[in-house]
Asks: 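Have a look at this one before I ask anything.
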2 protein chains.
Amino acid sequence: MVDTDIFKALADPTRRRVFEKLAGGSLNASALRDGLEISQPAISQHLAVLRAAGLVREQRQGRFVNYEVDPDGIASIGTWLARYRAYWPKRIEALSDLLKDMDQ
Amino acid sequence: MVDTDIFKALADPTRRRVFEKLAGGSLNASALRDGLEISQPAISQHLAVLRAAGLVREQRQGRFVNYEVDPDGIASIGTWLARYRAYWPKRIEALSDLLKDMDQ
DNA sequence: CCAACACATAAGCATATACTAATGTGTTGT
DNA sequence: ACAACACATTAGTATATGCTTATGTGTTGG
């Protein structure tokens, strides 16, 4: 199940920290590791999980591997969340609109 | 961490099935169990997890306990997802708008 | 009041998960 | 060619998780 992989991937705090770093743009594995007190294999494994879930995608750049947010993963969560739109409080839509404006 | 509890709760397929049943309105524990091949304690434990995550809330109704979606949980996911709005594909917004219309 | 009901909690167990240490793979500069 | 680098993979281990069985708690009808 796709959703299961996604939610499992995001259930880990370290993986969410990694993923949130990517919200600002693409980064390589070492850059993603910076600041986190975690071994190199651990980051690599976390990135594999995020990738398998469709949340990130990678691109070799010489001996670096650049990671970035995969819109497909975000889309899956959005689609899932949309089923509960009836329960969205007003403030969420307000926030959403605000961020939309900030994008410009 | 609040987000951790929410994503962990949703990482289980059975719990998502239960939660999705509640998208249509409030139901008691037995009704939520119907159709799922799972023991009574299992449902009870799943509901405890969803409740601890802030995804559902309960209300005693005689000897039944009614569960319903807790908007706070949905709001948390929405807030989290909003950080990635830049990566939302167009179709998500389209779907979102469609569902909005269907609510009327 | 007490038996049946609706649900929760406790204890025990099998499996999944996140980690580390060790090793493997691919790339680059010299 | 080869040493250093960036990253991935493997194996092993401690802990977390989801399940079942057994039992507890609160509620209701007769």
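A, B, ... follow the sequence lines: proteins, then strands. Residue 1 opens every chain.
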Asks: I need the NZ-C1' distance between B:K8 and C:dA18, as an integer number of Å.
Replies: 11 Å

Asks: Quick check on DNA chain C: between A:P41 and B:S44, whose nearest nucleotide comes earlier from the 5' end?
Replies: B:S44

Asks: Can you check side chain to side chain contact (heavy atoms under 4.5 Å, CB included) on A:W80 and B:I77, steps first, answer last?
Replies: CA-CA 11 Å; A:W80 183 89; B:I77 303 174; 3.9 Å; yes

Asks: If I take atom CG in residue B:D34 and atom P in nucleotide C:dA6, what distance separates them, rounded to the nearest angstrom?
Replies: 11 Å

Asks: Write down the distance between CZ (B:R60) and C1' (D:dT27), rounded to a whole number of angstrom.
Replies: 7 Å

Asks: Does A:K8 use its side chain to pair, donor to acceptor, with the backbone of A:A53 at less than 3.5 Å?
Replies: no

Asks: Rounded off to whole Å, could you give me the CG-to-C1' distance for the A:D5 and C:dT17 pair?
Replies: 14 Å

Asks: Any side-chain N or O of B:S39 below 4.0 angstrom from OP1/OP2 of D:dC19?
Replies: no

Asks: Could you check how far CD of B:Q61 sits from C1' of D:dG26, rounded to whole Å?
Replies: 15 Å

Asks: Side-chain N or O of A:H46 versus OP1/OP2 of C:dT17: is the shortest distance under 4.0 Å?
Replies: no

Asks: Is B:Q59 atom CD crowded by more than 12 heavy atoms from other residues, nucleotides or ligands, each under 6.0 Å away?
Replies: no

Asks: Once you round it to whole Å, what is the distance between P of C:dA21 and CD1 of A:I38?
Replies: 13 Å

Asks: Please identify which of these residues, A:L10, A:L55, A:V49, meets the side-chain contact (heavy atoms from CB on, under 4.5 Å) condition with A:R15.
Replies: A:V49

Asks: If you check the A:R63 side chain, which of D:dT9, D:dC5, C:dA4 turns out closest?
Replies: D:dC5

Asks: If you go through the side-chain atoms of A:Q45, does one of them form a donor-acceptor pair with the base of D:dA8 closer than 3.5 Å?
Replies: no

Asks: Closest nucleotide of DNA chain C for B:L47 versus for A:V49: which of these residues is on the 5' side?
Replies: B:L47

Asks: Ignoring backbone atoms, establish whether B:Y67 has a side-chain N or O less than 4.0 Å from OP1 or OP2 of C:dA8.
Replies: yes

Asks: Is B:L47 reachable from B:I38 through a run of hydrophobic residues whose side-chain heavy atoms are each under 4.5 Å from the next?
Replies: yes

Asks: Let's see if you can work this out: which of C:dT9, D:dT27, D:dA8 has an atom nearest to the side-chain heavy atoms of A:E58?
Replies: D:dA8

Asks: As a test of reading the structure: which of C:dA6, C:dG26, D:dT20 is closest to the side chain of B:A42, going by heavy atoms?
Replies: D:dT20

Asks: Rounded to whole Å, please give me the gap between CG in B:D12 and C1' in D:dC19.
Replies: 11 Å

Asks: What is the distance, to the nearest angstrom, from the CG atom on B:L50 to the P atom on C:dA8?
Replies: 12 Å

Asks: Between the base of C:dA6 and the side chain of B:Q40, is one N or O donor paired with an acceptor at under 3.5 angstrom?
Replies: no

Asks: Is A:R15 near enough to C:dA18 that one of its side-chain N or O atoms lies under 4.0 angstrom from OP1 or OP2?
Replies: yes

